[in-house]
Each structure stands twice: as C-alpha cells, then as structure tokens.
Amino acid sequence: MTIARQDAWTQDEDLLLAEVVLRHIREGSTQLKAFEEVGKQLSRTSAACGFRWNSFVRKQYKSGVELAKKQRKEQVVKDTNFEAEVKENVEDSNEPELATEWIRETQSASSTTLQDVISYLTKMDESFKHDREEKERNLQRSYYLEQENERLREENGLLQESLRVVEEDYRALMQIMERARKLSVLEDEKLNPKVSFQMDKNGNLERVNK
C-alpha cells in the first residue's frame with residue numbers, strides 16, 4: 001500500500017506538477033487526470049496535487065496555461081476539420097454507421113469528463129473532511145494541554161506554600177534554640193561566678209575569665 005505523503009512540496013515537485021498539468025491541457029485531457037498522474041509519481045493524493053496546483057503553482061504559470069489552452073484550441077480545430085473530412089468521405093461511401101459510431105464516442109467522452117469532475121470534487125470533499133477532523137483533534141489536544149498546564153500551576157502553588165511554612169518553622173526553631181543556649185550560659189555564670197560573659201559587637205555572648 002502506498003502511503004500518501006504529508007510533507008512540504010519541493011521546487012522540483014512543483015515543476016513536475018506544472019509540466020504534467022500543462023501537457024494534459026495541451027492534449028485536451030482533464031486536470032484531474034494530471035493530478036492523478038503526478039500523485040502516483042510523488043506518492044501523494046490527487047486531491048493534494050489539485051490543491052497545490054490551484055493554490056500556488058498555477059499562479060506561477062499563468063502564461064503557460066494560456067499558451068497550453070491556445071495550443072489545445074488549435075489542435076481541436078485541426079481535429080474537427082479532419083473529422084469533418086472523414087465524415088464526408090464516409091457519407092459519400094454510403095457507410096453512415098461509421099459517422100454514428102463517431103458521434104457515440106464523442107458523447108461518451110463528454111460523459112467521462114463529467115464523471116471525472118464529480119470524482120475530483122468528491123475527493124476534494126474527502127480531503128477537506130480529513131482536514132476538519134485533524135483540526136478538531138488539534139483543538140482537543142490543545143484543550144487537554146491547557147488543562148494539564150493549569151493543574152501543574154496549582155500543584156506548584158501548593159508546593160511553594162508548603163516550602164514557605166517549612167522555612168518559617170525552621171526559623172522559629174532556630175530562635176528557640178538560640179534562646180535556650182543563652183539561658184544555659186546565664187545559668188552557668190550563676191553557678192560559677194569566676195566566669196563571666198560579655199556581649200560582643202555582633203550580639204553574641206563570649207566567656208571572660210576573671
């Protein structure tokens with residue numbers, strides 16, 4: 001099974017698309033058949049090729065498209081003159097069934113062209129439907145990520161609050177231990193009068209021998 005590509009178009013691929021489409025226009029074929037031919041060569045869908053042509057490449061080859069259409073008209077005139085001549089010769093030869101067969105083939109070709117257009121529009125609709133579904137999936141994914149981001153922000157806020165409480169408890173504990181140390185020093189001084197303490201410039205007690 002051939003996997004349809006989703007990567008960006010290269011300059012060489014655009015050139016191939018333009019060459020094939022212009023050739024089909026000159027030959028009186030449909031653009032849909034050109035898109036299908038290019039799609040097989042590039043492993044892309046015909047709908048993707050048609051979208052690329054109509055949205056970008058065709059604008060770069062406006063003069064080429066007009067020239068191809070002119071060449072096609074000239075070829076149609078030549079073919080029409082040839083067919084008229086053949087029809088006239090057939091009628092002169094008393095074989096009108098050949099002219100009838102030619103008319104039937106012309107009508108069949110017109111029906112095929114209409115069917116090609118319908119098929120192309122159907123494929124384009126399927127492509128647009130796929131794009132809409134992909135857009136909806138992206139929106140759902142974006143909503144989920146936003147919700148997850150909000151949850152993480154709330155969790156981070158709770159952790160910050162817990163850290164603040166721990167830091168406050170730690171500072172209170174250090175203050176209590178400092179007061180207990182100072183009280184212990186004062187008790188030692190009372191029990192041993194020969195040893196005294198004085199406060200230094202930083203507010204700490206230091207032992208002074210008498």
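Quantities reported herein were computed from a predicted structural model and do not represent experimental measurements.
For Glu150, the salt bridge (Lys or Arg N to Asp or Glu O under 4.0 Å) criterion is met by Arg153, not counting sequence neighbours. Scored by the side chain to side chain contact (heavy atoms under 4.5 Å, CB included) test, Leu152 finds Glu148, Glu155 as partners (sequence neighbours excluded). With sequence neighbours left out, the side chain to side chain contact (heavy atoms under 4.5 Å, CB included) criterion links Asn138 to Glu134, Arg141. With sequence neighbours left out, Thr10 forms a side chain to side chain contact (heavy atoms under 4.5 Å, CB included) with Asp12, Glu13. Contacts of Glu168 classified as salt bridge (Lys or Arg N to Asp or Glu O under 4.0 Å), with partners at least two apart in sequence or in another chain: Arg164. Taking Glu167 as the reference, nothing meets the side chain to side chain donor-acceptor pair (under 3.5 Å) condition, with sequence neighbours excluded. Legend: residues meeting side chain to side chain donor-acceptor pair (under 3.5 Å) with Glu37, ordered by chain and number and at least two apart, are Arg23, His24. When the side chain to side chain contact (heavy atoms under 4.5 Å, CB included) test is applied to Asp169, the partners found at least two apart in sequence or on another chain are Val165.
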Start with the C-alpha gap between Trp9 and Leu17, add the side-chain angles, then the distance that decides, and say whether side chain to side chain contact (heavy atoms under 4.5 Å, CB included) holds.
CA-CA 10 Å; Trp9 285 72; Leu17 176 61; 4.2 Å; yes

Would Arg151 and Glu154 satisfy salt bridge (Lys or Arg N to Asp or Glu O under 4.0 Å), going step by step from the backbone distance to the final call?
CA-CA 5 Å; Arg151 185 187 68 80; Glu154 292 178 356; over 6 Å; no

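Scanning all heavy atoms of the two residues, the minimum distance from Leu16 to Gln41 falls at CD2-OE1, 3.7 Å. Across all non-hydrogen atoms, the minimal contact from Arg44 to Cys49 is CB-SG, 4.2 Å. Closest approach of Phe35 and Ser46 over heavy atoms only: CB-O, 3.5 Å.
Atoms OH and CD1, from Tyr61 and Ile25 in turn, are 12.5 Å apart once rounded to the nearest 0.5 Å. To the nearest 0.5 Å, the span separating CG on Leu15 from CD on Gln60 amounts to 12.0 Å. Note that CD of Glu161 is 8.5 Å distant from CG of Leu158, once rounded to the nearest 0.5 Å. Interatomic distance, CD of Glu136 versus CD of Glu133, reported as 7.0 Å (0.5 Å rounding). Between the CZ atom of Arg26 and the CG atom of Leu22 there is a distance of 6.0 Å, given to the nearest 0.5 Å. If you take CD on Glu36 and OG1 on Thr45, they are separated by 10.5 Å, rounding to the nearest 0.5 Å.
The salt bridge (Lys or Arg N to Asp or Glu O under 4.0 Å) contacts involving residues 47-64 comprise Asp14-Arg52, where partners must be two or more places apart or lie in separate chains.
Grouping Ile, Leu, Val, Met, Phe, Trp and Tyr by side-chain contacts under 4.5 Å, direct or through others, puts Tyr170 with Leu173, Met174, Met177.
With contacts defined as side-chain heavy-atom distances shorter than 4.5 Å, the pair Trp53/Val38 does not qualify.
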Ignoring hydrogens and angles, write down the donor-acceptor pairs under 3.5 Å from the side chains of residues 64-73, residues two or more places apart or on other chains.
none

